[in-house]
Every structure is written in C-alpha cells, then in structure tokens.
Amino acid sequence: MQKIIENEEKRVFVKAGIILALVVIAAFSPVVFLDQTYYRNTPIPPEFLGHENKTTVFGITADYSDIGTWPNVKLATDLILSGTTPLWNPNVGVGAPLAAETNFHIFSPYNLGFFLPPSLWDIPIFIGVWIAGFFTFLFLRSLNLKFVAAVTGGICFMLSGGITWFLTNPNFLVVMITPLVLYSLEKIIQSRDPKFIAVISISFLLTILAGHIETIVLQFLFVGIYFVYRITIKGNFKKRIDKQKLVIIFFCIVGFVGGLGLSAFYIFPVGELMDNNILEHEQGTGLAHYSSINVVTSFIPYIFGQLHAYWIVSAAGLIGFWGYVGIFALFFSIVGVYTSLKNKKDKIHRYTPLFFLCVSIFFIMKTIGVPVVNWIGFIPILDLLLFTNYSGVIIPFGFAVSVAFGINLLPKIQVSKKILSFIFIFTITLLLVLLIPLYFHLDQNAEFPEYVTASDARNYVGFQILQAILFATIAYIIAIAITKNR
C-alpha cells in the first residue's frame with residue numbers, strides 16, 4: 001500500500017513538472033520560437049562575448065551586475081575547458097579574483113548551463129524559472145494543499161516580477177532556491193526525519209553558491225521568520241519548548257551548519273576578498289526606500305510603462321524592483337486568508353496564509369519607508385542591504401502561498417457569493433486607493449519625457465487600470481465558478 005502511494009506521488013510530481021514546463025515555454029514563447037534572447041549585447045568583443053545575431057528581449061531590469069556577469073561566466077567556462085581552475089581573471093588590469101566575486105556564481109551548478117553554446121544560454125534561465133515553480137509546488141504540497149492549488153502557487157511565484165524581472169541578474173539564483181529551503185525546513189518540522197538534514201544542507205549550499213550576498217541575507221531572514229512561526233504553531237502557540245521542538249531545532253541547526261561546511265571552500269575566499277575590498281554599500285543603506293506611489297506596481301506592474309521606457313520622469317526612483325504579483329494574486333490572496341481563517345478544522349495551517357501575506361505586506365511597507373517598519377534598516381548587517389531592489393525573494397512568495405490556499409480552500413469551505421463580491425469590491429477599492437499618488441503625476445502641471453505626450457500618458461494609465469479591473473473580474477468569475485462546483 002505504501003509503495004502504491006509513493007508511486008502515485010511520483011506521478012503527481014511528474015505531472016506537475018510537465019505542466020510547469022509547458023507554462024514556461026508558453027510564457028517565454030518569443031524566446032523559444034521567435035529567435036529572441038535575454039542575452040543583451042554589450043560593448044565586449046564578439047569573440048569573447050559569444051555574441052549571436054538575435055533580437056534582445058526587453059522586460060528585465062538593467063543592472064551593472066548582470067551586464068558584467070555573463071562575459072565573466074564565459075571566461076570561467078573557457079578556463080575550465082582549457083583545464084584551468086577559474087580562480088583568477090587575468091584580463092582586468094593586473095588581474096582580479098574571479099571565483100571569489102559573488103556576482104559571478106562560478107561554482108553554482110546553474111553555471112553548467114553556460115557550457116552550452118552562447119546561442120543557447122537562455123536555456124539555463126528557463127530551467128531556473130521552472131525550478132522556482134517546481135520547488136514552490138513541493139513546498140505547497142508539503143502544506144497538504146491539493147494538486148491544482150500547489151501548481152497555481154508555483155506558477156504565481158515563477159512568473160512574478162521577483163523572478164521575471166531579474167532573469168539575468170545574480171540574485172535570481174538565490175530566489176529560485178528559496179522554496180527548496182522552506183520545503184526542507186517544513187519536512188524536518190513535520191517528520192523529524194534525519195534524511196532531510198541532508199536536503200536542507202544542500203539547499204543552503206546551493207543558496208550560498210548562488211553568491212548574491214544581499215539576497216542571501218534576505219532569504220536567511222525570511223526562512224528564520226518562517227521557522228519561528230512554525231515552531232510556535234507546532235505546539236498550538238504554547239511557549240513551552242518540548243522534546244519534539246528541541247529535536248527539530250537541533251536538526252535544522254545541523255542542516256544549516258552542514259550547508260556552511262559544504263560551502264566553506266567558497267565562503268573563505270569570498271570573506272578574504274571582502275576584507276581586502278570596499279563594500280559597495282555604506283551603513284544606512286538599509287534605510288533607503290521608494291515613494292508610496294511604488295506600491296501599485298506590485299499589482300499593475302507596467303502602470304509607469306515598460307521597464308525600458310517610462311512615461312513618468314522620476315521613474316528611476318519609483319519602480320518597484322522587488323517585482324510584481326498582479327491583480328489576480330491580490331484577489332485570491334485575500335480569498336486565501338479569509339477561507340483559511342474560516343477553516344477551524346486545520347489546527348496547523350489555519351493562520352499560514354495570513355502569516356505569509358503579512359510578511360509580504362511588511363516588506364512592501366519597508367520598501368516605501370513606513371515609519372517604525374523602516375527602522376529594521378538600523379539593524380547591523382541589514383543596514384547594508386538594498387531592500388528596495390531585492391525584496392523579491394520575499395514579497396511575491398508570500399502572495400503565491402496565500403493564492404494557493406485560496407484556490408485550495410474555495411471548493412471545501414462554504415463561501416457565499418456576497419462574500420466574494422465584497423472581496424472583489426475591496427480589491428478594486430484598494431487598487432484605486434493605491435493609485436491616488438499617481439494622479440499628481442498626470443495633472444496639467446506634470447512633467448513628461450520628450451517622447452511622451454500628456455494625452456498618451458493618461459490614455460496608457462487608463463488602459464492599464466481597465467486591464468487590471470478586467471483581470472480582477474476574471475478572478476472573481478473563477479472564484480464563483482469554483483464555489484458552484486463544490
């Protein structure tokens with residue numbers, strides 16, 4: 001009987017993997033079928049860069065780190081193929097560290113994809129997107145969510161801005177591994193099975209080898225918050241530390257230390273480089289924040305225009321680089337919180353959607369500098385991080401989990417059409433409230449770039465708002481349909 005269950009679970013994993021792969025192919029069809037690429041041209045000699053005559057895809061953030069990363073990755077692969085360990089870059093001045101430079105993630109398994117011809121370097125990107133979705137699926141299944149709900153959550157996260165806006169950026173590698181860390185942590189908490197110590201060690205190893213230090217710190221912070229929450233609800237919110245909790249804490253510490261040990265060969269050179277270098281960010285960087293107008297980009301991602309062309313003059317300080325989740329996710333995350341709170345039979349995860357949504361909202365508040373919340377930027381180490389750029393490892397994932405719970409519980413929990421209508425109206429109202437700061441940038445005295453007229457900007461924003469309302473309406477109709485098929 002146990003073997004039958006295991007075989008069925010394997011078939012479920014395969015089915016989910018295929019669905020997620022098809023979604024990736026569909027979402028990135030211009031690259032797959034129209035000979036486009038995310039591999040942007042830079043002023044590097046073609047023989048070194050591996051330049052191919054393809055059309056560049058716009059829609060990702062332009063960052064010095066990803067523009068400089070791929071040529072160095074190409075150098076590393078060439079050195080390895082020539083039989084040389086890629087520790088040193090001889091082409092920069094008198095030479096510079098290569099493997100110890102964290103933006104280049106030289107020792108990450110992800111870099112194996114760059115042994116392919118440069119014309120195929122989009123393939124590791126697609127695999128990374130798929131990994132983010134599949135690991136999210138695994139995590140959601142470990143929370144006892146049904147297949148459709150877990151797949152929906154995986155799709156929501158892997159197509160969020162935290163992933164899609166950073167496809168060529170080093171922090172993408174950390175973001176895509178985060179669900180695996182949470183999955184391994186959850187399995188240890190549930191079963192206290194020692195074999196998952198190895199899984200959590202490997203997940204931390206992959207995180208550290210990804211190299212992007214700011215995102216790694218944020219991931220550790222996120223995982224730590226979730227761990228405290230899970231340990232708390234493990235004993236039905238009792239503060240007492242029992243034997244089970246001690247075993248869980250011990251296993252998790254061993255797994256974390258194991259990950260540090262496995263990656264020590266990389267940590268020590270990186271530490272030495274940092275000791276003999278100048279940090280890019282000074283103390284106080286953690287207090288940096290955007291304007292409140294920024295929040296709306298989480299749900300209407302292109303309200304200010306495409307990432308390569310904005311209608312708003314001050315866009316550089318406004319765009320939410322943490323990434324969007326969309327209006328669909330906003331609606332179903334509210335549904336997820338409501339239905340889970342109503343599901344009193346679930347003694348373990350009744351408050352889990354609320355927890356994840358609150359964490360996401362907290363870090364959105366941090367990125368716009370809400371008083372008190374923004375003060376976490378005073379904490380040592382956190383005071384060196386750019387929360388505004390790299391909170392995509394946290395914010396979209398929280399919404400994805402809440403969405404999955406909403407999809408999972410709608411067929412089980414009785415929710416009236418009146419309640420769903422209220423959630424729909426609340427979603428639209430919240431959206432309109434978040435748009436209020438935008439109106440001042442569209443009035444008669446507003447400035448616009450020379451390539452955009454005031455009329456064009458207003459028409460564009462109006463279209464984006466109508467599109468968001470349309471998607472919210474579709475989400476509402478889907479919710480109604482699900483409840484009718486209970």
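All values derive from a computational prediction rather than experimental measurement.
You'll find the side chain of Ile125 reaches within 4.5 Å of the side chain of Asp122, heavy atoms only. With contacts defined as side-chain heavy-atom distances shorter than 4.5 Å, the pair Trp121/Thr168 does not qualify. A heavy-atom distance below 4.5 Å is not found between the side chains of Leu431 and Thr427. Residues Phe299 and Val325 form a side-chain contact, since some pair of their non-hydrogen atoms from C-beta on lies under 4.5 Å apart. For the pair Leu357/Phe399, a side-chain contact is recorded, criterion being any heavy-atom separation below 4.5 Å from C-beta on. When side chains are defined from C-beta on, Ile19 counts as touching Lys15, because their heavy atoms get closer than 4.5 Å. Counting heavy atoms from C-beta outward, Met365 and Ile361 have side chains that approach closer than 4.5 Å. Residues Ile249 and Phe227 have side chains in contact (heavy-atom distance under 4.5 Å, counting atoms from C-beta outward).
Across all their heavy atoms, Ala132 and Ile163 have their closest contact at CB-CD1, 3.9 Å. What you find for Gly259 and Ile208 is that their closest heavy atoms are O-CD1, 4.3 Å. In terms of heavy atoms, Gly392 sits closest to Val175 at O-CG1, 4.2 Å. What you find for Leu145 and Ala404 is that their closest heavy atoms are CD2-CB, 3.5 Å. Summarising the geometry of Thr136 relative to Gly153, their closest heavy-atom pair is CG2-O, 3.8 Å, with the distance given to 0.1 Å. In terms of heavy atoms, Gly305 sits closest to Tyr460 at CA-OH, 3.3 Å.
Shown here is Phe426, whose CZ atom has no more than 12 heavy atoms of other residues, nucleotides or ligands within 6.0 Å. Counted within 6.0 Å of CZ on Phe250, heavy atoms from surrounding residues, nucleotides or ligands total 12 or fewer; the atom is thus considered open. Residue Lys342 qualifies as enclosed at atom NZ: its count of foreign heavy atoms under 6.0 Å is above 12. Crowding of Ile381 atom CD1: a count of heavy atoms from other residues, nucleotides or ligands under 6.0 Å not exceeding 12.
A donor-acceptor pair under 3.5 Å links the side-chain atoms of Asp346 to the main chain of His349, judged by distance alone. With Trp311 contributing its side chain and Ile303 its backbone, the two residues share a donor-acceptor pair below 3.5 Å. A donor-acceptor distance shorter than 3.5 angstrom exists from the side chain of Thr483 to the backbone of Ile480, with no hydrogens or angles considered. Remark: side-chain polar atoms of Ser29 are not paired, donor with acceptor, to backbone N or O of Ile25 under 3.5 angstrom. Distance alone, capped at 3.5 Å, places no donor-acceptor pair between the Arg192 side chain and the Ile248 backbone. Ser360 contributes a side-chain N or O that, together with a main-chain N or O of Ile395, makes up a donor-acceptor pair within less than 3.5 Å. Distance alone, capped at 3.5 Å, is enough to place a donor-acceptor pair between the Glu214 side chain and the Leu386 backbone. With Gln190 contributing its side chain and Ser142 its backbone, the two residues share a donor-acceptor pair below 3.5 Å. No donor-acceptor pair closer than 3.5 Å links the side chain of Ser108 to the backbone N or O of His105. For Ser402 (side chain) and Pro353 (main-chain N/O), a donor-acceptor pair under 3.5 Å exists by modelled atom type.
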Inset, instruction - Show the numbers, then the answer: is there a side chain to side chain contact (heavy atoms under 4.5 Å, CB included) between Val359 and Tyr229? - result: CA-CA 11 Å; Val359 170; Tyr229 165 75; over 6 Å; no

Inset, instruction - Please report the C-alpha distance between Phe172 and His212 in whole Å, then the side-chain angles of each, then the deciding distance to 0.1 Å, and finally whether the ring pair (Phe, Tyr, Trp, His ring centres under 6.0 Å) criterion is met. - result: CA-CA 9 Å; Phe172 165 55; His212 197 267; over 10 Å; no

Legend entry - Steps toward side chain to side chain contact (heavy atoms under 4.5 Å, CB included) verdict (Leu98, Leu79): CA-CA 11 Å; Leu98 182 62; Leu79 289 173; 3.9 Å; yes

Inset, instruction - Go through the steps to decide whether Ile348 and Arg230 satisfy the test side chain to side chain contact (heavy atoms under 4.5 Å, CB included), and finish with yes or no. - result: CA-CA 9 Å; Ile348 299 178; Arg230 282 295 281 121; 3.7 Å; yes

Inset, instruction - Would you check, one step at a time, whether the test side chain to side chain contact (heavy atoms under 4.5 Å, CB included) holds for Leu409 with Ser340? - result: CA-CA 7 Å; Leu409 292 174; Ser340 63; 3.8 Å; yes

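Atom OG1 of Thr207 sits about 7.5 Å away from atom CG of Leu180, to the nearest 0.5 Å. Note: Asn103 CG to Asn171 CG = 9.5 Å, rounded to the nearest 0.5 Å. With values rounded to the nearest 0.5 angstrom, Phe251 atom CZ is found 8.0 Å from Asp193 atom CG. Considering CG of Asn408 and CG of Asn144, their distance stands at 9.0 Å, rounded to 0.5 Å. Atoms CD and CG, from Glu186 and Leu143 in turn, are 5.0 Å apart once rounded to the nearest 0.5 Å. From Tyr183, atom OH reaches atom CZ of Phe196 across 4.5 Å, with rounding to the nearest 0.5 Å.
The aromatic ring centroids of Phe471 and Phe328 lie 6.0 Å or more from each other. With ring centers used as reference points, Phe126 lies under 6.0 Å from Phe28. Ring to ring, Phe139 and Phe135 are not that close: their centroids are 6.0 angstrom or more apart. For Phe387 and His289, the ring centers sit 6.0 Å or farther from each other. Between Phe422 and Tyr338, a ring centre-to-centre spacing not shorter than 6.0 Å is recorded. For Phe107 and Phe265, the ring centers sit closer than 6.0 Å to each other. For Phe356 and Tyr226, the ring centers are positioned less than 6.0 Å apart.
By the 30° and 60° cut-offs, the orientation of the rings of Phe204 relative to Phe220 is perpendicular. The aromatic rings of Tyr302 and Tyr324 sit tilted, their planes meeting at an angle between 30° and 60°.
Cation-pi geometry between Lys74 and Phe114 is not met: the NZ or CZ atom fails to fall both under 6.0 Å from the ring centre and inside 45° of the normal.
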